[in-house]
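For reference, the structure is listed below as structure tokens.
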Amino acid sequence: MFSLNPHSSGRHFLQIPGPTNVPDRVLRAIDQPTIDHRGPVFGALGLEVLAGIRQVFQTQGPVVIYPSSGTGAWEAALVNTLSPGDRVLMAETGHFASLWRKLAGRLGLEVDFLEGDWRHPADPVAIGARLAADAQHRIKAVCVVHNETSTGVTSDVAAVRAAIDRAAHPALLMVDTISSLGSIDYRHDEWGVDVTVAGSQKGLMLPPGLSFNAVSAKALAAADTARLPRSYWDWREMLGPNERGYFPYTPSTNLLYGLHEALAMLREEGLAQVYARHRRHGQATRLAVQAWGLELLSLDPAAHSPALTAVLMPPGHSADALRKAVLERYDMSLGQGLGKLADRVFRIGHLGHFNDLTLCGALAGVEMGLAAAGVPHRAGGMQAAMEFLKS
Ligand SMILES: *Cc1c(COP(=O)(O)O)cnc(C)c1O
């Protein structure tokens with residue numbers, strides 16, 4: 001229908017770091033009649049997905065599900081807990097952290113932006129220092145992107161929590177897990193996160209269109225006094241009907257069928273195995289990049305993302321020209337460079353519904369594309385990944 005190349009046969013390789021490939025099982029689950037969202041059958045579905053999604057956030061608390069993209073859940077996290085003029089501390093990890101910051105500014109919040117070079121994770125020491133200097137507790141929230149999808153760098157949320165605790169600061173901790181939930185180990189309760197923001201179309205293997213807020217008791221209490229205007233995003237409107245599996249307005253019924261199936265798949269594989277699979281594919285991808293003689297954008301080995309890899313182009317070479325060659329010749333989509341990284345990096349998504357041979361196909365496509373686009377490199381990247389996957 002919307003095929004880029006109507007004459008191509010076989011499956012398109014969607015190897016951007018979200019939206020990711022949707023499993024056939026999930027597509028079939030979505031392909032059911034839409035039902036009465038106020039009727040008796042819907043309540044049972046609602047209760048099951050609201051309970052099931054908590055396991056993925058690793059929380060006992062409530063999770064709110066919105067019919068929106070992840071950006072909506074960013075906004076929901078802020079408007080439910082904060083008041084006009086409140087100060088928030090955000091860490092500049094990359095393009096997505098910068099977009100969240102812009103959104104906060106538009107809402108009338110004062111943002112303290114901890115500068116970063118887009119090649120390292122959020123710095124818990126710098127966050128702790130800012131909080132320690134804030135003796136009057138003017139900072140009301142610390143916001144961090146767990147997996148910065150524009151750079152392939154993962155931040156250490158437990159370390160950020162520890163920094164807040166060391167400073168004995170009462171700020172709320174808010175974390176964007178839009179590209180990590182369901183692909184990278186994440187523990188809302190254990191790490192003391194107050195609001196976790198997520199989306200459907202990345203690690204959760206669903207189409208775009210659902211977003212989430214996992215909410216701590218402290219965040220719920222903040223919602224009682226927060227004064228930013230909110231209506232559509234109001235948690236309190238949601239939580240009442242959610243108790244019986246219902247929603248205050250029309251939910252994305254068919255995406256909830258899909259969520260039900262995706263949760264079953266994650267349960268069957270086991271979250272620990274899901275996370276280990278992503279770590280292994282991340283490592284195999286980095287071995288390929290190294291063998292090609294190309295440079296990873298991520299500079300801190302402890303922070304390399306298990307979900308995607310961003311690769312720097314050699315000077316004078318265009319990432320977009322490479323991506324165009326790969327798309328036209330091999331029918332594969334790679335992630336583009338975002339913001340200041342435009343045309344300088346390409347991103348390989350290795351998250352979601354993905355296995356060893358998907359990775360081999362993706363890496364073969366990149367390697368052949370590098371040759372087609374005349375990008376200087378050594379052959380053997382895919383071979384290096386295969387040797388690792390075999391061992
Ligand atoms: C994709 C993404 C977003 C934006 O989500 P949308 O669904 O496009 O609104 C925000 N943050 C991160 C980390 C992402 O990966």
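Atoms within a ligand are numbered from 1 in the order they appear, just like the ligands themselves. These numbers come from the heavy atoms of this one structure, side chains and all, not from hydrogens, waters or symmetry mates.
Between the side chains of Ser211 and Ser68, at least one donor-acceptor pair of N or O atoms lies under 3.5 Å. In the model, Thr253 has no side-chain atom that pairs as donor or acceptor with a side-chain atom of His37 under 3.5 Å. Defined by atom type and a distance below 3.5 Å, a donor-acceptor pair is present between the side-chain atoms of Ser333 and His12.
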Could you go through ligand 1 and list every pair where one of its N or O atoms sits under 3.5 Å from a protein N or O, giving the atom names and the distance to one decimal?
from: ligand 1; atom 1: 7 (O); to: Gly70; atom 2: N; distance (Å): 2.8
from: ligand 1; atom 1: 7 (O); to: Gln201; atom 2: NE2; distance (Å): 2.7
from: ligand 1; atom 1: 9 (O); to: Ser69; atom 2: OG; distance (Å): 2.6
from: ligand 1; atom 1: 9 (O); to: Gly70; atom 2: N; distance (Å): 3.2
from: ligand 1; atom 1: 9 (O); to: Thr71; atom 2: N; distance (Å): 2.8
from: ligand 1; atom 1: 9 (O); to: Thr71; atom 2: OG1; distance (Å): 2.5
from: ligand 1; atom 1: 11 (N); to: Asp176; atom 2: OD2; distance (Å): 2.7
from: ligand 1; atom 1: 15 (O); to: Thr149; atom 2: OG1; distance (Å): 2.4
from: ligand 1; atom 1: 15 (O); to: Lys202; atom 2: NZ; distance (Å): 2.7

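Of all non-hydrogen atoms in His281 and Leu389, the two that sit nearest each other are CD2-CD2, 4.1 Å.
More than 12 non-hydrogen atoms from other residues, nucleotides or ligands lie less than 6.0 angstrom from CD of Glu110.
Taking Ala310 as the reference, Leu297, Arg347 meet the side chain to side chain contact (heavy atoms under 4.5 Å, CB included) condition, with sequence neighbours excluded.
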